[in-house]
Amino acid sequence: MPEASATGSGRAAIIEELAGRAQVAGRRTVVLVDGRSGSGKTTLGTALAEALDAQYVGLDDVYPGWNGLETAAGCVAPGILRADRPGYRRWDWERGAPSSWRSLDSARAIVVEGAGSLTPAAAPLATLRVWLDLDEPTRRERALARDGDSYAPWWEIWAAQEEAHLAANDPRALADVVVDVSTGLVVRR
């Protein structure tokens, strides 16, 4: 994989290389993108889904509220990535309640992104596992700029759940690729 800047042609090269690595002969393409809040998971996940013409699942659609990281992580392998009738129950953030069911096509490529997507249960089902690294001050600044005051009171609660996910699942160690988002460099292949 090229070590390239995360801007311009460097970002395109990283997307192209990751998309190529995700496609394994004889297997359904399944990409898991994990990292802490504000690290760029959604940006990378949507770009990979587009490059692969894949179904896209953002765990923001799955978390059952601000205390739901572990619950959503537990839905990836047995629900979102299951071999027959995959799918998940959406979460309605406005109402604070479960919403509609989203069925997925078990034959089509899929990209799942979100904190909690990369666990020991989900990792073997993926053809590519990606972890994004970025320092806490930059992540916080990016997340609060993106979500504003609605996220600010939840930052610490969410960060504690991320810490629990890191301790329980060690997603960085499960990753095939670790990207240092601040430099755009691939730090492990």
Side-chain angles (χ1 to χ4, degrees), residues 1 14-37 39-93 95 97-133 158 161-162 164-179 186 188-189:
M1 172 172 298
I14 289 172
I15 297 300
E16 182 179 335
E17 179 66 26
L18 293 176
R21 285 188 61 168
Q23 298 175 64
V24 175
R27 286 192 64 192
R28 172 186 180 206
T29 299
V30 176
V31 179
L32 302 174
V33 179
D34 204 332
R36 299 198 61 174
S37 185
S39 63
K41 298 176 302 296
T42 302
T43 301
L44 179 63
T46 55
L48 281 171
E50 183 178 324
L52 293 164
D53 190 28
Q55 301 167 98
Y56 169 80
V57 176
L59 288 187
D60 284 351
D61 224 18
V62 182
Y63 303 124
W66 286 108
N67 292 300
L69 191 151
E70 183 179 8
T71 300
C75 294
V76 175
I80 295 168
L81 299 179
R82 68 184 283 167
D84 64 320
R85 298 186 345 259
Y88 61 93
R89 175 84 42 209
R90 289 184 173 112
W91 182 257
D92 184 332
W93 286 86
R95 293 180 337 152
S99 183
S100 61
W101 178 260
R102 179 180 177 204
S103 294
L104 299 164
D105 183 342
S106 61
R108 281 192 61 213
I110 188 167
V111 174
V112 181
E113 69 78 15
S117 63
L118 188 49
T119 64
L125 304 173
T127 55
L128 182 67
R129 295 156 287 275
V130 180
W131 174 262
L132 301 179
D133 269 339
W158 192 256
Q161 292 174 83
E162 290 175 332
H165 168 55
L166 295 174
N169 300 306
D170 197 5
R172 190 178 198 280
L174 294 171
D176 302 309
V177 175
V178 176
V179 179
V186 176
R188 183 173 75 225
R189 296 179 180 91

**Message:** Restricting to non-hydrogen atoms, name the atom on Arg28 and the atom on Leu81 that form the minimum distance, rounded to 0.1 Å.
**Reply:** NH1-O, 4.3 Å
**Request:** Could you go through the side chain to side chain contact (heavy atoms under 4.5 Å, CB included) check for Leu59 and Val112 one step at a time?
**Result:** CA-CA 7 Å; Leu59 288 187; Val112 181; 4.1 Å; yes
**Item:** Selection residues 120-129 - residue pairs positive for salt bridge (Lys or Arg N to Asp or Glu O under 4.0 Å), sequence neighbours left out
**Value:** Arg129-Asp176
**Request:** Verify, without hydrogens or angle tests, whether Asp34 (side chain) and Pro171 (backbone) share a donor-acceptor contact under 3.5 angstrom.
**Result:** no
**Request:** Give every residue pair that meets the salt bridge (Lys or Arg N to Asp or Glu O under 4.0 Å) criterion with at least one member in residues 60-69, sequence neighbours excluded.
**Result:** Asp61-Arg90
Under 3.5 Å, which donor-acceptor pairs link side chains of residues 41-48 to any protein atom two or more places apart or in another chain?
{"residue": "Lys41", "atom": "NZ", "partner": "Gly35", "partner atom": "O", "Å": "3.4"}
{"residue": "Lys41", "atom": "NZ", "partner": "Arg36", "partner atom": "O", "Å": "3.0"}
{"residue": "Thr42", "atom": "OG1", "partner": "Glu113", "partner atom": "OE2", "Å": "3.1"}
{"residue": "Thr46", "atom": "OG1", "partner": "Thr42", "partner atom": "O", "Å": "2.9"}
{"residue": "Thr46", "atom": "OG1", "partner": "Thr43", "partner atom": "O", "Å": "3.2"}

**Prompt:** Between Tyr63 (side chain) and Ala115 (backbone), is there a donor-acceptor pair under 3.5 Å?
**Reply:** yes
**Message:** Quick check: closest heavy atoms across Ala51 and Ala19, and the distance to 0.1 Å?
**Reply:** CB-CB, 4.1 Å
**Message:** Between Ser103 and Gly87 (side chain of the first, backbone of the second, donor and acceptor by atom type, cut-off under 3.5 Å), is there such a pair?
**Reply:** no
**Message:** Please give me the minimum heavy-atom distance between Ala54 and Val111, naming the atom from each residue.
**Reply:** CB-CG2, 4.1 Å
**Request:** Spell out, as yes or no, whether a donor-acceptor pair under 3.5 Å connects the side chain of Ser106 to the backbone of Ala83.
**Result:** yes
**Message:** With a sphere of 6.0 Å drawn around CD of Gln55, does it hold more than 12 non-hydrogen atoms of other residues, nucleotides or ligands?
**Reply:** yes
**Message:** Can you tell me how far apart OH (Tyr88) and SG (Cys75) are? Round to the nearest 0.5 Å.
**Reply:** 11.0 Å
**Fill in**
Closest heavy-atom pair, Ala22 versus Val31, reported as atoms and distance to 0.1 Å, is CB-CG2, 3.5 Å
**Request:** Would you sort out whether Arg172 and Asp133 count as a side chain to side chain contact (heavy atoms under 4.5 Å, CB included), showing the intermediate values?
**Result:** CA-CA 9 Å; Arg172 190 178 198 280; Asp133 269 339; 2.7 Å; yes
**Message:** Test side chain to side chain contact (heavy atoms under 4.5 Å, CB included) on Leu174 and Trp131; report intermediate values, then the result.
**Reply:** CA-CA 8 Å; Leu174 294 171; Trp131 174 262; over 6 Å; no
**Request:** Please step through side chain to side chain contact (heavy atoms under 4.5 Å, CB included) for the pair Thr119 and Val76, ending with a clear verdict.
**Result:** CA-CA 9 Å; Thr119 64; Val76 175; 5.8 Å; no
**Message:** Looking at Gln23, I'd like to know if its CD atom is crowded, meaning that more than 12 non-hydrogen atoms belonging to other residues, nucleotides or ligands lie closer than 6.0 Å.
**Reply:** yes
**Request:** Examine distances only and state if a side-chain atom of Thr127 and a backbone atom of Val30 form a donor-acceptor pair shorter than 3.5 Å.
**Result:** yes
**Prompt:** What closest approach, in Å, do His165 and Leu118 show between heavy atoms, and which atom pair accounts for it?
**Reply:** CE1-O, 3.3 Å
**Asked** When you check the gap from the basic side-chain N to the acidic O, do Asp105 and Arg108 get nearer than 4.0 Å?
**Response** no
**Request:** Answer yes or no: does atom CZ of Arg95 have more than 12 heavy-atom neighbours from other residues, nucleotides or ligands under 6.0 Å?
**Result:** yes
**Prompt:** What closest approach, in Å, do Pro64 and Ala72 show between heavy atoms, and which atom pair accounts for it?
**Reply:** CD-N, 4.3 Å
**CD1 on Ile80 to CG on Leu125, rounded to 0.5 Å** = 11.5 Å
**Item:** Close side-chain approach of Val177 and Glu17, heavy atoms under 4.5 Å
**Value:** no
**Check: Ser99 main-chain N/O paired with Arg89 side-chain donor or acceptor under 3.5 Å** = yes
**Spacing of OG1 belonging to Thr29 relative to CD1 belonging to Ile110, to within rounding of 0.5 Å** = 11.0 Å
